[in-house]
Amino acid sequence: MRKIAPSEVKPPGGFALEQTTPATQPLPDTALPMNKSLLTPLAAVITLAAFLACASRAADKPRATKAAPATPPPGVLITSAAGARFVGDQLDAFTREGSVLTAKKAGFISLYLTEGKPFRLTGEVWLGGPSTELPNPADLPEGFTIWLREWDGLHRYSMNNRSLVIKRRPHDGQEETKIVPVASFPEAPLGVWLPFSIEATAAQIAYKFDKASGFIRKPAMDGANRLALAPGSKLREVRLTLLDE
């Protein structure tokens, strides 16, 4: 018996079935015509949109800001040109390197224009240790001291790394005829920078050395003011401020 090919099958009525194009058959080139004149403007629009999107994201990012310059401490640096009016040429007796003063031998720095005036003095000291060069080494036990409202060696307010002492000068509105210790401080290390500050007014002398402090109420205002260093001791960043009376 002969097999019949599908193409030979005829429907009722005698007509042959027509084969259609498969769905997967590729379309001719003319099925989706493209206007090539639109390609260049379209690419430009896409590029511009991408650029604007990047610029917007960049604008949203926080910008790094430069740190503001550090504000210098108040007061006049005694080693500066402006500080010369308070110390004159006394610093020539010291070795100078920037704001650091090193005592080559026992040295003193009188603070001109401060007698009878309220003032603030701040700085750092490097204790070089005791010295036998001074007539009374106990005045500079570790190589540093400050004398305020001084008439002479027997009449002054004395302060260093160990103590704050009144020597026959007024306090609390009363005259004093003896030596009166006001405050004692812990032992300070040698060979490191330690901060100190003084505020001397008619109301009080407030002295701070490192983390220790002491006060003298209602002191005298007359007399000289000066610092003393033994050999090997140093001062750094010493600043003087004249206060309002």
Side-chain angles (χ1 to χ4, degrees), residues 75 78 86-88 90 93 103 105-125 127-188 190 194-231 233 235 238-245:
I78 66 169
F86 295 114
V87 295
Q90 299 175 88
K105 57 183 180 179
F108 306 90
I109 304 173
S110 294
L111 301 175
Y112 304 152
L113 307 178
T114 60
E115 184 171 350
K117 303 288 185 181
F119 67 90
R120 181 184 299 114
L121 186 71
T122 62
E124 295 175 292
V125 62
L127 299 174
S131 172
T132 58
E133 284 194 16
L134 296 169
N136 187 3
D139 283 341
L140 283 77
E142 270 73 53
F144 164 77
T145 200
I146 301 172
W147 296 310
L148 296 188
R149 313 307 187 194
E150 180 187 37
W151 284 0
D152 53 39
L154 301 177
H155 301 82
R156 61 193 180 192
Y157 304 105
S158 178
M159 55 212 73
N160 51 46
N161 57 287
R162 289 193 183 185
S163 62
L164 174 61
V165 176
I166 299 169
K167 286 190 173 182
R168 304 178 185 88
R169 293 294 274 148
H171 64 97
D172 294 308
Q174 303 293 322
E175 293 293 329
E176 181 58 67
T177 59
K178 299 179 181 180
I179 298 175
V180 180
V182 176
S184 296
F185 304 145
E187 183 177 353
L190 302 180
L194 299 168
F196 69 88
S197 66
I198 296 170
E199 188 163 301
T201 67
Q204 68 176 8
I205 293 174
Y207 176 62
K208 185 174 182 179
F209 186 89
D210 197 16
K211 297 178 182 179
S213 60
F215 303 87
I216 298 173
R217 310 293 182 184
K218 296 182 180 179
M221 291 289 286
D222 59 319
N225 305 292
R226 59 182 180 142
L227 302 88
L229 286 182
S233 292
L235 293 171
V238 178
R239 294 177 177 271
L240 176 64
T241 304
L242 295 181
L243 304 174
D244 295 333
E245 298 186 47

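Note that the numbering runs from 1 along the sequence shown for the chain.
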Heavy-atom closest contact ([X] atom, [Y] atom, distance):
| X | Y | result |
| --- | --- | --- |
| A230 | G129 | CB-O, 4.3 Å |
| A188 | F209 | CB-CE2, 3.9 Å |
| S131 | P231 | OG-CD, 3.5 Å |
| S197 | T122 | CB-CG2, 3.9 Å |
| Q90 | V87 | NE2-O, 2.8 Å |

Here the side-chain hydrogen bond (donor to acceptor under 3.5 Å, both in side chains) pairs for residues 216-229, sequence neighbours left out, are T114-N225, E150-R226, W151-D222, R169-D222, Q204-R217

### R149: salt bridge (charged side-chain N to carboxylate O under 4.0 Å, His left out) partners, not counting sequence neighbours
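For R149, no residue satisfies salt bridge (charged side-chain N to carboxylate O under 4.0 Å, His left out) once neighbours in sequence are set aside.
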
- Quick one: list whatever passes salt bridge (charged side-chain N to carboxylate O under 4.0 Å, His left out) with K208, sequence neighbours left out.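 Result, salt bridge (charged side-chain N to carboxylate O under 4.0 Å, His left out) vs K208: none returned.
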
Measure the [atom1]-[atom2] distance between [X] and [Y] for me, rounded to the nearest 0.5 Å.
| X | Y | atom1 | atom2 | value |
| --- | --- | --- | --- | --- |
| F86 | L240 | CZ | CG | 5.0 Å |
| R156 | I166 | CZ | CD1 | 14.0 Å |
| L121 | L111 | CG | CG | 6.0 Å |
| W147 | M159 | CH2 | CE | 11.5 Å |
| L194 | L127 | CG | CG | 5.5 Å |
| R120 | T201 | CZ | OG1 | 10.0 Å |

Check whether any side-chain heavy atom of L148 lies under 4.5 Å from a side-chain heavy atom of F119, and answer yes or no.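 The answer is yes, as the side chains (C-beta and beyond) meet within the 4.5 Å cut-off.
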
* Asked: Looking at side-chain heavy atoms only, is the closest gap between L242 and P118 below 4.5 Å?
  -> no

May I have the list of side-chain donor-acceptor pairs in residues 170-185 shorter than 3.5 Å, sequence neighbours left out?
from, atom 1, to, atom 2, distance (Å)
H171, NE2, E176, OE1, 2.9
E176, OE2, K178, N, 3.1

By side chain to side chain contact (heavy atoms under 4.5 Å, CB included), P130 pairs with (sequence neighbours left out) none

Can you sort out the partners of [X] under side chain to side chain donor-acceptor pair (under 3.5 Å), two or more places apart, ordered by chain and number?
| X | value |
| --- | --- |
| E142 | N161, R162 |
| N160 | none |
| K105 | none |

Next on the checklist: Determine whether T145 and S158 satisfy the following criterion, side-chain contact (heavy atoms from CB on, under 4.5 Å), listing intermediate values before the conclusion.
Outcome noted: CA-CA 7 Å; T145 200; S158 178; 3.8 Å; yes

Give a yes or no answer on whether the side chain of Y157 reaches the backbone of A220 with a donor-acceptor pair at less than 3.5 Å. yes

Contacts of F196 meeting ring pair (Phe, Tyr, Trp, His ring centres under 6.0 Å) (sequence neighbours excluded), chain-then-number -> F144

